[in-house]
J.: 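Before I ask anything, let me first share the structure, which is written out below as structure tokens.
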Number of protein chains: 2
Amino acid sequence: MAVTTTAHRARRPRLQRGSLSREKIVRESLRLLDADGIAGFSLPKLGRALGTDPTAVYRHFASKDDLILAIADQLIEESSGGLVPGDCWVSTLAESTRRLRTTYLAHPAAASLSAYRTTQGPAEMHIVDVIIGAVLAAGFEGAEAATVYRAMGDFALSWAGCEASFLALDERLQKRDTDAWTSAYLAVDRRQYPHIWQVRTELPGVGDDEIFETILSFVIGGLVARAPRPCGCAQHRQAAANGNS
Amino acid sequence: MAVTTTAHRARRPRLQRGSLSREKIVRESLRLLDADGIAGFSLPKLGRALGTDPTAVYRHFASKDDLILAIADQLIEESSGGLVPGDCWVSTLAESTRRLRTTYLAHPAAASLSAYRTTQGPAEMHIVDVIIGAVLAAGFEGAEAATVYRAMGDFALSWAGCEASFLALDERLQKRDTDAWTSAYLAVDRRQYPHIWQVRTELPGVGDDEIFETILSFVIGGLVARAPRPCGCAQHRQAAANGNS
DNA sequence: GGCCATTGTCAATGCTTATGACTAATGCAT
DNA sequence: ATGCATTAGTCATAAGCATTGACAATGGCC
């Protein structure tokens with residue numbers, strides 16, 4: 001069958017007419033959000049950027065929220081696509097957290113809109129399965145496994161979402177915050193806030209990556225200490241043999 | 001065309017000067033946000049709720065963002081007011097994290113608007129000083145102390161902010177998410193997502209408080225394991241003496 | 001009394017999300 | 001191939017939002 005009827009379109013189960021499609025709209029949304037931030041993202045603007053009527057997007061998405069969910073799934077896909085769990089559950093957990101953060105930081109405006117939302121798309125299901133797999137490999141079982149999974153998953157989402165939300169603020173507002181570390185806290189009164197004063201010169205130099213790796217090491221460290229079964233990979237078996245928890 | 005439109009418009013008697021103040025507006029904003037959520041919070045609605053002209057609030061706040069910052073400071077004050085660090089730095093850290101979360105969960109809509117914002121108000125400075133004090137008591141010094149403080153502080157803010165943001169969503173959307181745990185994940189395909197399948201019956205029963213205490217115990221556990229100086233309080237000295245980290 | 005900054009009111013601008021009516025393109029059955 | 005139901009794109013429009021500038025009443029001050 002399949003003669004010469006628009007070969008590349010025939011792949012889809014249902015042919016798309018015209019110039020718009022959900023996929024194209026999501027892609028252009030991401031582009032707009034990356035370029036102009038949240039302020040540059042409205043359905044009329046999106047329609048115009050696509051070269052269509054300002055309201056045309058409503059033919060493909062029931063509402064703006066519907067579109068945001070599609071963007072969320074795209075982000076999760078970008079973040080967890082091709083992630084294959086190795087034999088070390090510790091690095092599986094650490095890596096999936098790092099990857100989510102990397103994606104969110106690459107698309108802060110999109111992430112700040114779509115974080116904390118459950119898409120129930122295939123990409124989300126996949127990463128959930130991977131993380132639960134790691135938690136089970138750590139020896140947690142039943143209700144405790146479910147709780148530990150939620151704790152680790154929500155930690156990754158909340159941290160990355162929070163960093164992204166900050167980066168999605170106006171540059172003006174971000175500068176206000178940065179200035180707090182570099183000047184306001186630097187000039188703090190010694191008697192009123194003695195502890196801030198003690199580390200005041202160190203505060204401006206702290207980098208975001210450093211902060212993230214610190215909290216991640218705490219979380220993973222606390223998890224490993226509580227895990228019923230140590231990690232079976234070469235590196236961690238070595239560490240466990242040395243009596244290090 | 002126009003006949004008698006403006007002639008007998010039902011006019012409310014003009015309010016007395018001083019019927020509005022920044023404090024009153026912040027209080028009414030919190031009330032509105034708690035009652036109706038983010039959707040019920042616009043400057044026109046706020047003005048009407050205060051019994052004034054919809055635009056009257058602009059006489060006291062330069063913009064909506066200006067008002068949101070004032071709300072943020074009010075929340076921090078409510079959360080950290082009266083917090084006195086004890087001799088146990090572990091519980092100081094845990095308690096201040098718990099208190100922030102409690103406040104944010106009590107005012108989810110307000111928190112979701114104002115989280116991640118630096119107010120540089122006295123309430124914020126105070127809680128920062130308390131947390132840095134605990135980190136110093138743990139034996140961290142210099143740049144490492146600054147990094148650990150940021151990690152712990154940002155963890156508390158991001159987790160509580162994230163939970164609040166979720167609670168600030170429409171009830172309809174929250175239900176969508178809850179249903180994901182109670183039905184969608186329950187009916188997952190065993191072969192496609194074997195790990196989800198394994199814990200599927202446990203997922204719906206996991207409570208938010210439980211998840212929070214789990215991640216908090218991981219974070220605190222990881223921190224304690226890395227701290228140069230163990231906690232000096234009776235309870236933790238005992239634990240340290242038993243060789244438990 | 002008279003000055004005048006402050007603050008409440010009003011009208012208006014230009015943006016937003018969203019909907020229903022209308023039109024034209026398309027796939028499908030005949 | 002032809003006609004038709006479906007549907008994508010367009011248009012007009014509604015209702016609500018943040019914000020602004022003009023205007024007017026108020027109350028402190030001299």
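Proteins come first, then strands; the chains are lettered A, B, ... in the order of their sequence lines, and each starts at number 1.
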J.: Closer than 4.0 angstrom, basic N to acidic O: yes or no for Arg98(A) and Glu213(A)?
T.: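 A salt bridge links Arg98(A) with Glu213(A).
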
J.: In whole angstroms, how far is the C1' atom of dT10(D) from the CG atom of Leu20(A)?
T.: 13 Å

J.: Please report, rounded to the nearest Å, how far the C1' atom of dT9(C) is from the CG atom of Leu50(B).
T.: 15 Å

J.: Need to verify one output field. Residue with the more 5' nearest nucleotide on DNA chain C, Asp65(A) or Ala56(B)?
T.: Ala56(B)

J.: Let me know the distance between CG of Leu32(B) and C1' of dC17(D), rounded to the nearest Å.
T.: 15 Å

J.: For Leu32(B), run the side chain to side chain contact (heavy atoms under 4.5 Å, CB included) check against Asp34(B), Leu30(B), Asp36(B) and tell me which one passes.
T.: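 So, applying the side chain to side chain contact (heavy atoms under 4.5 Å, CB included) to Leu32(B) and each of Asp34(B), Leu30(B), Asp36(B), only Asp36(B) qualifies.
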
J.: Whether the side chain of Ser183(A) engages the backbone of Ala180(A) through a donor-acceptor N/O pair (distance < 3.5 Å, no angle test) should be reported.
T.: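 The answer is no, because no donor-acceptor pair under 3.5 Å joins these two groups.
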
J.: Measuring to OP1 and OP2 of dT10(D), would you say a side-chain N or O of Thr55(A) lies under 4.0 angstrom away?
T.: no

J.: Looking only at side-chain N and O atoms, does His60(B) come under 4.0 Å of OP1 or OP2 in dG8(C)?
T.: yes

J.: Could you work out which one of dT20(D), dA21(C), dA18(C) sits closest to the side chain of Tyr58(B)?
T.: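 Minimum distance to the Tyr58(B) side chain belongs to dT20(D).
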
J.: Side chain of Pro44(A): nearest nucleotide among dG8(C), dA18(D), dT16(C)?
T.: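 The listed nucleotide nearest to Pro44(A)'s side chain is dT16(C).
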
J.: Look at the side chain of Ser42(A) and decide which nucleotide, out of dC10(C), dC23(D), dT17(C), has an atom nearest to it.
T.: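 From the listed options, dT17(C) comes nearest.
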
J.: Taking the ring of Trp197(A) and the ring of Tyr193(A), is the distance between their centroids below 6.0 Å?
T.: no

J.: Which of these nucleotides, dA8(D), dT19(D), dG8(C), is closest to any side-chain atom of Arg59(A)?
T.: dA8(D)

J.: Hey, is the side chain of Lys45(A) poking within less than 4.0 Å of OP1 or OP2 on dT16(C), counting only N and O atoms?
T.: yes

J.: Given dG8(C), is OP1 or OP2 found less than 4.0 Å from the side-chain N or O atoms of Thr52(B)?
T.: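 So the side-chain polar atoms of Thr52(B) never come under 4.0 Å of the phosphate oxygens OP1 or OP2 of dG8(C).
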
